[in-house]
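Supplied in structure tokens, the structure appears directly below.
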Amino acid sequence: MESLRDVPALVGRIFLALIFVLSGLNKVMNLGGTAGYMMQAGIPTNLIYPALYLSIAVELGCGLLVMAGLRARWAALIMFLWLIPVTLLFHVAGYYHAVQQHQPMAALTQQVMYLKNIAMMGGLLILAAMGPGGLSIDCRSSAAGVTVARHAA
């Protein structure tokens with residue numbers, strides 16, 4: 001029987017991961033444009049496509065894992081760690097660049113983006129610490145393992 005926490009945990013996982021999945025799909029559909037954005041952000045040319053493919057793997061792969069609740073703690077931790085350099089390279093640096101260029105709207109946009117990333121990082125840490133909840137493949141797998149172990153005894 002699912003507890004009252006399981007449905008909100010499922011919906012929360014889907015909401016949290018949705019931005020990553022959509023971002024990963026957008027990168028797949030627009031490799032050249034994303035590579036150009038990364039080049040403008042100062043990523044070395046020889047690292048752009050490896051970093052782009054890694055971004056797609058993390059965003060799309062880990063995002064789908066979180067949604068399904070499969071290896072959700074590990075996926076959330078990987079996404080959390082991945083967001084650290086992404087936030088620093090693209091949004092914190094972008095914020096300081098916009099401030100130096102006296103572009104208040106660009107600075108505000110970048111500030112909102114890095115604060116959004118920090119909020120997502122908080123959600124990912126909670127998921128990594130607390131687990132995905134009862135409506136997840138992780139929970140079903142561990143429950144099945146307990147049932148099999150009980151029947152074997």
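Quantities reported herein were computed from a predicted structural model and do not represent experimental measurements. Heavy-atom basis, side chains included; hydrogens, waters and symmetry copies ignored.
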**Asked** Which residue pairs pass the ring-ring contact (aromatic ring centres under 6.0 Å, His included) test when at least one of the two sits in residues 63-91, sequence neighbours left out?
**Response** Tyr37-Phe90
**Separation between CG of Leu65 and CZ of Arg73, rounded to the nearest 0.5 Å** = 15.0 Å
Please report, to 0.1 Å, the donor-acceptor pairs under 3.5 Å made by any side chain of residues 113-138, with sequence neighbours excluded.
unit_1, atom_1, unit_2, atom_2, d
Asn117, ND2, Thr87, OG1, 2.9
Ser136, OG, Gly133, O, 2.8
Ser136, OG, Cys139, N, 3.1
Asp138, OD1, Arg71, N, 2.6
Asp138, OD2, Arg71, N, 3.1
Asp138, OD2, Ala72, N, 2.9

**Prompt:** Hey, what do you get for OH (Tyr49) to OG1 (Thr34), rounding to the nearest 0.5 Å?
**Reply:** 8.5 Å
**Asn26 CG to Leu31 CG distance, which is reported to the nearest 0.5 Å** = 10.0 Å
**Prompt:** Ser23: what forms a side-chain contact (heavy atoms from CB on, under 4.5 Å) with it, not counting sequence neighbours?
**Reply:** Lys27, Glu59
**Item:** Minimal non-hydrogen separation, Asn30 against Gly33, with atom names
**Value:** OD1-N, 3.1 Å
**Request:** Consider only side-chain heavy atoms of I, L, V, M, F, W and Y, link residues closer than 4.5 Å, and tell whether Leu47 and Ile84 are in one cluster.
**Result:** yes
**Prompt:** Got a second to check how far Met39's CE is from Thr45's OG1, nearest 0.5 Å?
**Reply:** 5.0 Å
**Asked** Could you go step by step and tell me if Tyr53 and Ile48 meet the side chain to side chain contact (heavy atoms under 4.5 Å, CB included) rule?
**Response** CA-CA 9 Å; Tyr53 296 136; Ile48 289 176; over 6 Å; no
**Complete:** Looking only at heavy atoms, the pair that brings Ala107 and Val99 closest together is CB-CG2, 3.8 Å
**Message:** With clusters defined by side-chain heavy atoms of hydrophobic residues (ILVMFWY) lying less than 4.5 Å apart, directly or transitively, does Leu89 cluster with Leu52?
**Reply:** yes
**Fill in**
When every non-hydrogen atom of Met67 is compared with those of Ala17, the smallest separation belongs to CG-CB, 3.6 Å
**Prompt:** Do Leu64 and Val11 share a hydrophobic cluster (ILVMFWY, side-chain heavy atoms under 4.5 Å, transitive)?
**Reply:** yes
**Request:** Specify the closest pair of heavy atoms between Ile78 and Cys62, including all atoms of both residues, with the distance to one decimal.
**Result:** CG2-SG, 3.9 Å
**Message:** Atom CD1 of residue position Ile19 - does it have more than 12 heavy atoms of other residues, nucleotides or ligands inside 6.0 Å?
**Reply:** no
**Asked** Can you tell me how far OH of Tyr96 sits from CD of Gln111, rounded to the nearest 0.5 angstrom?
**Response** 9.5 Å
**Prompt:** Looking at side-chain heavy atoms only, is the closest gap between Phe20 and Leu83 below 4.5 Å?
**Reply:** yes
**Asked** Tell me, do Ile56 and Leu25 make a side-chain contact under 4.5 Å, heavy atoms counted?
**Response** no
**Taking every non-hydrogen atom, the tightest pair across Gln110 and Gly94** = CG-C, 3.6 Å
**Message:** When you group the ILVMFWY residues by side-chain heavy-atom contacts below 4.5 Å and let the links chain together, are Leu70 and Leu77 in the same group?
**Reply:** no
